[in-house]
**Student:** 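My questions all concern the structure below.
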Amino acid sequence: MNIQTMAAIAEIIGAVAVLATLIYLAMQIRQNTHSIEQQNAIARAEILQQRADSVNGIVTPVLSNETNINLFVKLMESSELEPSELNKNERMRAYLMLTPVRANFENTYLQYQLGFLPEDFYRDVAVPNCIRFGALLLKFDLPMTSNFKAEIIRILAEYKKLSDV
């Protein structure tokens with residue numbers, strides 16, 4: 001076997017090695033892609049579960065006694081209710097009831113903005129909740145980011161436009 005033959009064999013072996021490496025890398029990328037997709041699906045499921053747990057955390061204190069239930073009914077009956085229409089204790093209870101509601105809604109908004117929640121969840125669950133509670137959250141002047149406040153105002157304006165038609 002001469003040097004040219006050995007060089008040709010080495011070149012073929014090198015080409016086969018490069019091809020094998022490319023095939024291996026393609027398989028690894030595909031496996032990692034599936035793994036990332038699976039991790040994203042798990043993360044979204046966990047986020048949705050946390051949403052449900054958060055709602056339970058809001059509802060439980062409201063249902064804990066009749067005074068809270070009555071106040072919550074009063075809040076739900078009218079988004080036109082002004083905090084000044086409540087006595088001092090009712091205002092404080094309402095503020096404390098609405099604070100976790102605001103936190104839940106703002107967290108939902110932020111998770112949606114970051115792409116962790118699907119469009120239909122935001123549109124079909126979060127937006128109707130903002131329509132129901134948004135005016136109260138604004139009237140009680142709960143602390144919130146300016147972006148979330150603008151989103152509540154946008155949702156309420158859009159809802160008002162639709163209901164005026």
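On a predicted model such as this, the values are computed, not experimentally measured, just so you know.
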**Student:** If you compare all heavy atoms of L86 against all heavy atoms of A94, which two are closest, and at what distance to 0.1 Å?
**Tutor:**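 For L86 and A94, the tightest heavy-atom pair comes out as CD1-CB, 4.1 Å.
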
**Student:** Check for me, please, whether L136 and M76 land in the same ILVMFWY cluster - side-chain distances under 4.5 Å, paths through other members count.
**Tutor:**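 Result: yes, single cluster for both.
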
**Student:** Shortest non-hydrogen contact from I155 to C130?
**Tutor:**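 For I155 and C130, the tightest heavy-atom pair comes out as CD1-CB, 3.9 Å.
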
**Student:** CZ of F105 to CG of L110: how many Å apart, nearest 0.5 Å?
**Tutor:** 13.5 Å

**Student:** Taking atom CG of L142 and atom CD of E106, what is their separation to the nearest 0.5 Å?
**Tutor:**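 One finds 10.5 Å between CG of L142 and CD of E106.
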
**Student:** Could you measure the distance from the CD1 atom of I69 to the CD atom of E66? Nearest 0.5 Å is fine.
**Tutor:** 6.5 Å

**Student:** Supply the atom-to-atom distance L75 CG to N70 CG, rounded to the nearest 0.5 angstrom.
**Tutor:**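 If we round to the nearest 0.5 Å, L75:CG and N70:CG are 11.0 Å apart.
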
**Student:** Is there a path from I153 to Y112 through hydrophobic residues (I, L, V, M, F, W, Y) whose side chains come within less than 4.5 Å of each other?
**Tutor:**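 In one cluster: yes.
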
**Student:** Taking the side chain as every heavy atom from C-beta outward, state whether E158 and V127 have any atom pair closer than 4.5 Å.
**Tutor:**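 E158 vs V127: side chains apart.
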
**Student:** Taking only Lys NZ, Arg NE, NH1 and NH2, and the carboxylate oxygens of Asp or Glu, determine whether E85 and K74 approach each other closer than 4.0 Å.
**Tutor:** no

**Student:** Check the angle between the aromatic planes of F133 and F72 and answer parallel, tilted or perpendicular using the 30° and 60° thresholds.
**Tutor:**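 F133 vs F72 ring planes: tilted.
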
**Student:** Would K88 and M92 satisfy side chain to side chain contact (heavy atoms under 4.5 Å, CB included), going step by step from the backbone distance to the final call?
**Tutor:** CA-CA 6 Å; K88 183 179 175 182; M92 181 52 75; over 6 Å; no

**Student:** Can you list everything that forms a ring pair (Phe, Tyr, Trp, His ring centres under 6.0 Å) with Y159? Sequence neighbours excluded, please.
**Tutor:**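 Not a single residue meets the ring pair (Phe, Tyr, Trp, His ring centres under 6.0 Å) criterion with Y159.
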
**Student:** Would you please say whether a donor-acceptor pair under 3.5 Å links the side chains of N147 and E151?
**Tutor:** no

**Student:** Give me each pair satisfying side chain to side chain donor-acceptor pair (under 3.5 Å) with a member in residues 125-141, each pair once, sequence neighbours excluded.
**Tutor:**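 Of all non-adjacent pairs touching residues 125-141, those that pass side chain to side chain donor-acceptor pair (under 3.5 Å) are E82-K139.
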
**Student:** Measure the CG-CD distance between L81 and E90 for me, rounded to the nearest 0.5 Å.
**Tutor:** 9.0 Å

**Student:** Under the criterion side chain to side chain contact (heavy atoms under 4.5 Å, CB included), which of T108, L114, N107 is the partner of Q111?
**Tutor:**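 Exactly one pass, corresponding to N107.
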
**Student:** What's the separation between atom CZ in R102 and atom CG in L138, rounded to the nearest 0.5 Å?
**Tutor:** 12.0 Å

**Student:** What residues, two or more places apart in sequence or in another chain, satisfy ring pair (Phe, Tyr, Trp, His ring centres under 6.0 Å) together with F140?
**Tutor:** none

